[in-house]
*Asks:* 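Take this structure, written in structure tokens, and hold onto it; I'll ask about it next.
The figures that follow rest on heavy atoms only: side chains count, while hydrogens, waters and symmetry mates do not. All chains are named by letter (A, B, ...) in the order of the sequence lines, taking the proteins before the strands, and each is independently numbered beginning at 1.
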Amino acid sequence: MEILGWLLDIYANREDGLVLWLIGEDGKRYRLHQAFSVTFYAAGPAPRLRVLWQFLRDQPQPVLLARTERRELFHSQPIPLLAARVLNAADQPSLFKAASKAFPDLTYYDADIPLALRYHAVYHTFPLAYCRVRVDAKNQIQHIEPLNSPWDIDSVYPPLRILTISPEHDPSHAPPQSLKIHYEHNEYELPLKPTRSLLIGLAALLRRYDPDLILSAWGDTWLLPYLLEHSRALNIPLPLNREAKHGIDQRPDRTYFAYGQVIYRGGQIRLFGRGHIDVCNAVLFGDYGLDGVLEMARVTGLPLQGAARLSPGTGISSMQMITALQDQILVPWHKQQAERPKTALDLIQSDRGGLVYQPLIGLHKNVAEIDFISMYPSIMVHFNISPETVGEHLPNAQPVPALNLFVDQQNYGLVPRTLEPLLNKRINLKTHLASLPRWDPRRKRYKAWASAHKWLLVTCFGYLGYKNARFGRIESHESVTAYGREALLIAKEVAEDMGFTVLHMYVDGMWIKKEGASHADDFQPVLDTIIERTGLPIALDGIYRWIAFLSSRLDKRVPVANRYFGVFQDGSLKMRGIETRRKDTPPFIAQTQRTMLERLAKVQDANQLSQALPELVHILRQCLADLRAYRIPIKQMLVSQKLSRTIEEYRTPSPAARAAAQLQAIGKITKPGQRVRFVYTRGKPGVYAWDLPTPPEPAILDIERYTTLLLRASSTVFQPFGVDEESLRDWVIANAGYAAPPGILSDGKSRAPLWTASLSV
DNA sequence: TACAGTCGGGG
DNA sequence: GTGTACGACTGTA
């Protein structure tokens, strides 16, 4: 029988070997299986390999052993190996674990590759691939071939059956009462109590609708554990899994260090035969939604549930593994070794990072921002930078600018080979996006895809320099930044040669202006020349009607890199580094700052900007009056900060640590990397945690402290006009008084607070 | 004043 | 299934 359909899930099963779920074009869901053997390799002294041979032969798992040789990334000559071909893929993890434990001295390859990646490498499939499959009478796969490619931009989506389940509010704040259920055109609420009817109702729904994907809110951290626990206790089976022969994959929460900070990931619950994605626990789900997750799975090869929860590096590492498998290059075993702290010398030597030129402080008109497109990944592809192509002494190699390193130009590197199709797809998408009309439904999808690609491309660079990366090497990382600095210096030279003033440079972007230049055409020759001189793609991000580069708050003569706000010619705002961008700014303050900037953005003539200042003061006074009169909802006053360590480890307890201590006192444990929400209160301890059982009394709120924060954020907006924080305070408070500001409630009528305009929920 | 703690960045 | 380093800034002792 031949089936056409989309590949939904792949996993190993002891009885059936590899299990593959297909969404048939006929609407049926097919559970197929296939004999799929998996090979791992060991290298080391011949006598030790002989002992390993005997050891593996005597294990219960069926395995075929052979001597062979293969290429390792950093060696041009193949290395001799013992190959262990495990006949049932389900046996591979346990067999490898036994071998590595008994023979820790040997070097292992292809030992810990996710099964789905191996399968995709062999058959050129990918998650959600549209496939033609031939099966026998027992649903055993005889032949499988993909009919599309992950690099297509016009692939047809599979008709996924999606069930959405979410409690009516955040369970960490207060116990929810009911679940909102949504699928196709059905929407209703299920009360959590009585639990028996909830479980019976859900079980019936799962059987009747049989979803491919369960999208939940807090499903990993609260809902599914809650349902599973009660399902066991009351002995009411709940068919969350589609696969009957499998348990549920339940993983604990964890805290780890990455991106220079502590990161917390909640526990996870993954299903078999269908997917579960907790939108609150999925990386960047808020940014790119389900479309982005599906795209992430397609291009990385990771199963849907993994793609939704991936950590930095996992996605790009998976793509590199598929490239290596297809090119018959050994994939090193990823031993988890604790990273030793760097010495001071390491720090000085290793990282010079991106190039930054301090901005010219103040207000500038008709400024163009030009950015290298995906600069670091473009450099890797264009200059062939890969761990194995960069070295100290290479013949026929190209020297890296300003470093004593060379790049091999004979062999195309693993990293550029992996990245090239991704970069091309991104360019292809951008070209299409530019030509699609505004109403076209594909726009949203393409934007989500591009956003997923962006994330992969950004993490890819960092991964090159990561000591524990399978395919990483610090020299290649340094070469990328060296080429980046060189490119930016060339760009600066080109712009200045053509009579432009360079106002600011930041890693991959440059802000320039010239008297009389205000249209895209005026800047095009600069762009063309930069592309010609560097070989790297660069684009005009936009032309600012005006832009303000801010100074240091501590010393107004000192500029601060990447702290600015400005308005493009189309009226849109761009701001970086200011309070509204910070996640620990209370929402009403962030909103007030944005409201003020939006008011400035309405001024057409940049020379008239200062005429808007009285209106900004009015906005500020209204907000202050609302604050004083307790008209601002407490939710808008919440500060959200991340815990960097356990509560006991704090030497001086930060506000977040004190709030976490309050939660701990009532048994709510917060772990490093988790966020804590709180309000500032008067006296000690100065904070009140939002997730305590009772909300804070308005009377204890520290209005003075919020006033200071509000004035500080406002003064950022006033800074380019020469109004500092002190003068602003005098202007707004001392002269006008804020107990009864003019025009506020003087006529006895109530007025809607400003911040409700764009802030609901 | 020193230093401990938090954040941004790319979009 | 863990990119790194740094600078700005705030709050506390």
*Asks:* In whole angstrom, give the distance that lies between atom OH of A:Tyr564 and atom P of C:dA8.
*Replies:* 17 Å
*Asks:* Counting side-chain heavy atoms from C-beta on, which of C:dG11, B:dT6, C:dG1 comes nearest to A:Pro114?
*Replies:* C:dG1
*Asks:* Which nucleotide in the list C:dG1, C:dC9, B:dG11 gets nearest to the side chain of A:Arg251?
*Replies:* C:dG1
*Asks:* Please determine if a side-chain N or O atom of A:Arg712 lies less than 4.0 Å away from the OP1 or OP2 oxygen of C:dT10.
*Replies:* yes
*Asks:* For A:Glu725 and C:dC9, give me the distance from atom CD to atom P, rounded to whole Å.
*Replies:* 12 Å
*Asks:* Give A:Phe461 one of three labels, base, sugar-phosphate or nothing, depending on what nucleic acid heavy atoms sit under 4.0 Å from its own.
*Replies:*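 A:Phe461: base contact, heavy atoms under 4.0 Å.
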*Asks:* Is any side-chain nitrogen or oxygen of A:Arg645 closer than 4.0 Å to OP1 or OP2 of B:dG5?
*Replies:*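 Looking at the OP1 and OP2 atoms of B:dG5, one of them is under 4.0 Å from a side-chain N or O of A:Arg645.
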*Asks:* Out of B:dA4, B:dG10, C:dC9, which nucleotide sits closest to the side chain of A:Arg651?
*Replies:*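 The answer is B:dA4.
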*Asks:* Report the distance from atom CG of A:Asp541 to atom P of B:dG11, rounded to the nearest whole Å.
*Replies:*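 Nearest whole value for this atom pair: 7 Å.
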*Asks:* Would you kindly give the OH-to-P distance between A:Tyr680 and C:dG11, to the nearest whole Å?
*Replies:* 6 Å
*Asks:* Name the closest nucleotide to the A:Arg658 side chain, picking from C:dT12, B:dG10, B:dT6.
*Replies:* C:dT12
*Asks:* Given 3.5 Å as the limit, does a donor-acceptor pair link the side chain of A:Thr221 with the main chain of A:Gly267, or not?
*Replies:* no
*Asks:* Taking A:Ser727 for the side chain and A:Val723 for the main chain, is one N or O donor matched with an acceptor at less than 3.5 Å?
*Replies:* no
*Asks:* Please state how far atom CG in A:Leu550 lies from atom P in C:dA8, giving the value in whole angstrom units.
*Replies:*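 Interatomic distance, CG of A:Leu550 to P of C:dA8: 13 Å.
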*Asks:* Are OP1 or OP2 of C:dC9 and a side-chain N or O of A:Ser552 less than 4.0 angstrom apart?
*Replies:*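 Yes, such a contact exists.
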*Asks:* Go through C:dG1, B:dG5, B:dG9 for me and flag the one nearest to the A:Thr314 side chain.
*Replies:* C:dG1
*Asks:* Give a yes/no answer on whether the side chain of A:Ser644 brings an N or O atom under 4.0 Å of OP1 or OP2 in B:dT6.
*Replies:* yes
*Asks:* Do any N or O atoms from the side chain of A:Arg473 and from the backbone of A:Val390 form a donor-acceptor pair under 3.5 angstrom?
*Replies:*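 Looks like yes, one N/O pair under 3.5 Å.
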*Asks:* Would you measure the distance from the C1' atom in B:dG9 across to the matching atom in C:dG7 and give it in whole Å?
*Replies:*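 The same atom, C1', in both gives a distance of 12 Å.
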*Asks:* Go through C:dG1, B:dT6, C:dG3 for me and flag the one nearest to the A:Tyr650 side chain.
*Replies:* B:dT6
*Asks:* Any side-chain N or O of A:Lys454 under 4.0 Å from OP1/OP2 of B:dG10?
*Replies:* no
*Asks:* Taking distance alone, no hydrogens or angles, what donor-acceptor pairs closer than 3.5 Å link side-chain atoms of residues 289-305 of chain A to residues at least two apart or in another chain?
*Replies:*
unit_1: A:Asp291; atom_1: OD1; unit_2: A:Tyr157; atom_2: OH; d: 3.0
unit_1: A:Glu295; atom_1: OE1; unit_2: A:Arg298; atom_2: NE; d: 3.3
unit_1: A:Glu295; atom_1: OE1; unit_2: A:Arg298; atom_2: NH2; d: 3.3
unit_1: A:Glu295; atom_1: OE1; unit_2: A:Lys425; atom_2: NZ; d: 3.3
unit_1: A:Glu295; atom_1: OE2; unit_2: A:Lys425; atom_2: NZ; d: 2.6
unit_1: A:Glu295; atom_1: OE2; unit_2: A:His453; atom_2: NE2; d: 2.6
unit_1: A:Thr300; atom_1: OG1; unit_2: A:Met296; atom_2: O; d: 2.6
unit_1: A:Thr300; atom_1: OG1; unit_2: A:Leu302; atom_2: N; d: 3.2
unit_1: A:Gln305; atom_1: OE1; unit_2: A:Leu271; atom_2: N; d: 2.8
unit_1: A:Gln305; atom_1: OE1; unit_2: A:His276; atom_2: N; d: 3.0
unit_1: A:Gln305; atom_1: NE2; unit_2: A:Leu271; atom_2: O; d: 2.7

*Asks:* Aromatic rings A:His477 and A:Phe461: how do their planes relate, parallel, tilted or perpendicular, breaks at 30° and 60°?
*Replies:*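 If you compare the ring of A:His477 with that of A:Phe461, the planes turn out parallel.
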*Asks:* Given A:Tyr483, which of A:Phe372, A:Tyr376, A:Phe383 fulfils the ring pair (Phe, Tyr, Trp, His ring centres under 6.0 Å) condition?
*Replies:* A:Phe383
*Asks:* What is the distance from CD1 of A:Ile316 to C1' of B:dG10, rounded to the nearest Å?
*Replies:* 14 Å
*Asks:* Measure CZ/A:Arg576 against C1'/C:dC9 and give the value in whole Å, please.
*Replies:* 19 Å
*Asks:* Remember a base hit wins even if backbone is also touched, and classify A:Arg705 as base, sugar-phosphate or nothing at under 4.0 Å, heavy atoms.
*Replies:* sugar-phosphate
*Asks:* Quick one: label A:Ser640 by what it contacts on the DNA or RNA (base, sugar-phosphate, nothing), any heavy atom closer than 4.0 Å.
*Replies:* sugar-phosphate
*Asks:* State whether A:Arg553 places a side-chain N or O below 4.0 Å from either non-bridging phosphate oxygen (OP1 or OP2) of C:dT10.
*Replies:* yes
*Asks:* Is there a side-chain polar atom (N or O) of A:Asn562 under 4.0 Å from OP1 or OP2 of B:dG10?
*Replies:* yes
*Asks:* So what does A:Ser451 hit on the nucleic acid, given a heavy-atom distance under 4.0 Å: a base, only sugar-phosphate, or nothing?
*Replies:* nothing
*Asks:* So, is the end of the A:Arg645 side chain (NZ or CZ) under 6.0 Å from the ring centre of A:Tyr650 and within 45° of the ring's axis?
*Replies:*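 Yes; both conditions hold, so A:Arg645 lies above the ring face of A:Tyr650.
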*Asks:* Is the gap between the ring centers of A:Tyr109 and A:Tyr41 under 6.0 Å?
*Replies:* no
*Asks:* Could you summarise the pairing of DNA chain C as dot-bracket text, marking Watson-Crick and G-U pairs under 3.5 Å with ( ) or [ ] inside the strand and | across strands?
*Replies:* .....||||||||
*Asks:* Of the nucleotides C:dC9, B:dG5, B:dC7, which has the atom closest to the A:Arg582 side chain?
*Replies:*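 Per side-chain heavy atoms of A:Arg582, the pick is B:dC7.
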*Asks:* Could you tell me whether the side chain of A:Arg563 has a donor or acceptor atom within less than 3.5 Å of a complementary atom in the base of B:dG9?
*Replies:*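 In this structure, the two groups form no donor-acceptor pair.
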*Asks:* Okay, side chain of A:Thr708, backbone of A:Glu704: is any donor-acceptor separation there less than 3.5 Å?
*Replies:*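 A pair under 3.5 Å: yes.
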*Asks:* When the distance from CZ of A:Arg473 to C1' of C:dT4 is rounded to whole Å, what number comes out?
*Replies:*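 That distance rounds to 19 Å.
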